[in-house]
There are 2 protein chains.
Amino acid sequence: MNEKKTAERGYHHGDLRDALIRAADELLAERGLEGFTLRETARRAGVSPAAPSHHFGGTAGLLTEVAALGWAELARRLAIAGDTGSTAERLKAQGVAYVRFAVEFPGRFHLMFRHDMLLHDQPSLDRATGEAWNALERTVRALRGQKEGEELDAEGEAMLIGIWSTAHGFAHLTLDKKLSRMAECGSDTDMLDTLFPSIIDTLWVKRLG
Amino acid sequence: MNEKKTAERGYHHGDLRDALIRAADELLAERGLEGFTLRETARRAGVSPAAPSHHFGGTAGLLTEVAALGWAELARRLAIAGDTGSTAERLKAQGVAYVRFAVEFPGRFHLMFRHDMLLHDQPSLDRATGEAWNALERTVRALRGQKEGEELDAEGEAMLIGIWSTAHGFAHLTLDKKLSRMAECGSDTDMLDTLFPSIIDTLWVKRLG
DNA sequence: ATGTCATCTTTACAGTGTAAAGATTATGCG
DNA sequence: CGCATAATCTTTACACTGTAAAGATGACAT
């Protein structure tokens, strides 16, 4: 670990940029987005409160990099989930993977959608977001028997945004503990493993054959 | 308006509790949830920074009352939307009403689901939340031809949480500007009036009617 | 009228993000 | 090698935040 204090380390950390991103991500995992502070991140990296601003311009700059990592990880999982099985099974697997990601990393997940906290001129963020989106689009395209090249038709677009909205809404409602009161499922894993798949079935699979 | 300064008003406001709730709601409407501060709310009500804590215990207590009002307003709109038309049309109308509420009052909407910002032992909040929920449940029950008394069956519950998740996710994605990049719809009203209804159609109406 | 109690203010404290200026070290160039 | 320059990090300072504690005020019942 690179946790030396200033006295023994000197002024130059050597890998501060990455160390700050890691520290921020860990802090997010421990305390959630609302427990995040820039100063605590700096503390964990063993530097002064103003050090992060030099590398990222400010809080938003640092969080944008963390969000980009989150999107990349989500894209990776969606790609894996959309890799095997029938198209209907893939769609369900991707939905489950989406919600699972949100439940496993609530801090990252919330951050990724906080438009007011991120810098949207950052190419790293845009690219990672696009990849996650494409993973879903590929499955819908396959479901509708459309080639990679041609533009998705209106109903395909409705399906794409529809499935995303469903998974996204379910994830948010789960994290905000709005479902625990009405569904007799106890834990969050119950929700993920039984309730959500049954919703996808009811909404999609049963009707697509 | 009850905006007199301390000098001319004296110590007792007379209606401070309600005035603070109104001021908080307006501040939420103007600057969003992230722009909200307790001190600014107090400033607008013309009282000292510590005055609100006496009535609400702290920030969470005040916001809980505002959230309860938000839930009540949402419940009112859902009840109206679920009042006329076929069951399928009612379901669509309630979905649209849900998203419209979110787009019209982003601050309220975000607050209502911020589990970490609200006091959940407050009966006013619980009651208002339950009413909104019931408005949706009534429609799903009608859709499945079930009486008011009997318990909703598994598929009905899946539909209920499914439609809610879809509307909720779509609302969030819209507010976080995640849909504008891919759908060729320009404004948020476009999303509401054309894109979202088409999603509901694709997901529900076409297959139930 | 008088004491009690709710209401609001004042004061204070530990936090926060970040701008500005200073200290230190790496690095490229003669 | 010697040295200017630039990059990196620290220090200091400021305007905020929420809220706890203690003091001031006035309404109200006895």
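Every value quoted in this text rests on a predicted model; they were computed, and no experiment measured them. Below, read A as the first sequence line, B as the second, and so on, with proteins coming before strands; counting in each chain starts at 1.
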Notebook entry, point to check: Would A:Thr64 and A:Gln122 count as having a side-chain donor-acceptor pair, cut-off 3.5 Å?
Noted result: no
Note to self: Looking at B:Arg90 and B:Gly85, would you say the former's side chain and the latter's main chain have a donor-acceptor pair under 3.5 Å?
What the structure shows: yes
May I have the list of side-chain donor-acceptor pairs in residues 104-112 of chain B shorter than 3.5 Å, sequence neighbours left out?
| unit_1 | atom_1 | unit_2 | atom_2 | d |
| --- | --- | --- | --- | --- |
| B:Glu104 | OE1 | B:Arg77 | NH2 | 3.3 |
| B:Arg108 | NE | B:Asp25 | OD1 | 3.0 |
| B:Arg108 | NE | B:Asp25 | OD2 | 3.4 |
| B:Arg108 | NH2 | B:Asp25 | OD2 | 2.8 |
| B:His110 | ND1 | B:Pro106 | O | 3.3 |

Next item on the list: Starting from P on C:dC8, measure out to CG on B:Leu62 and report it in whole angstrom.
Entry: 14 Å
Checklist line | For atom CZ of B:Phe56 and atom P of C:dC8, their distance in whole Å | finding: 10 Å
Notebook entry, point to check: Closest nucleotide of DNA chain D for B:Ser53 versus for A:Ala51: which of these residues is on the 5' side?
Noted result: A:Ala51
Checklist line | Which residues share a side chain to side chain donor-acceptor pair (under 3.5 Å) with A:Gln146, sequence neighbours left out | finding: none
Checklist line | Whether B:Phe113 and B:His172 hold their rings parallel, tilted or perpendicular, with breakpoints at 30° and 60° | finding: perpendicular
Margin query: Rounding to an integer number of Å, can you tell me how far B:Leu16 CG sits from D:dG26 C1'?
Written below: 15 Å
Margin query: Please determine whether a side-chain nitrogen or oxygen atom of B:His55 lies at a distance below 4.0 Å from atom OP1 or OP2 of C:dA6.
Written below: no
Next item on the list: Could you encode protein contacts along nucleotides 11-17 of chain C as a string, one character per nucleotide from 5' to 3', using B for base contact, S for sugar-phosphate-only contact and - for no contact, with a heavy-atom cut-off of under 4.0 Å?
Entry: -----SB
Note to self: I'd like to know if the side chain of A:Gln94 and the backbone of A:Leu78 have a donor-acceptor N/O pair within less than 3.5 Å.
What the structure shows: yes
Notebook entry, point to check: Where each residue is assigned the nucleotide of DNA chain C containing its nearest heavy atom, which of B:His54 and A:Gly58 is assigned the position nearer the 5′ end?
Noted result: B:His54
Notebook entry, point to check: Rounded to the Å, how far apart are B:Leu27 CG and D:dG18 P?
Noted result: 10 Å
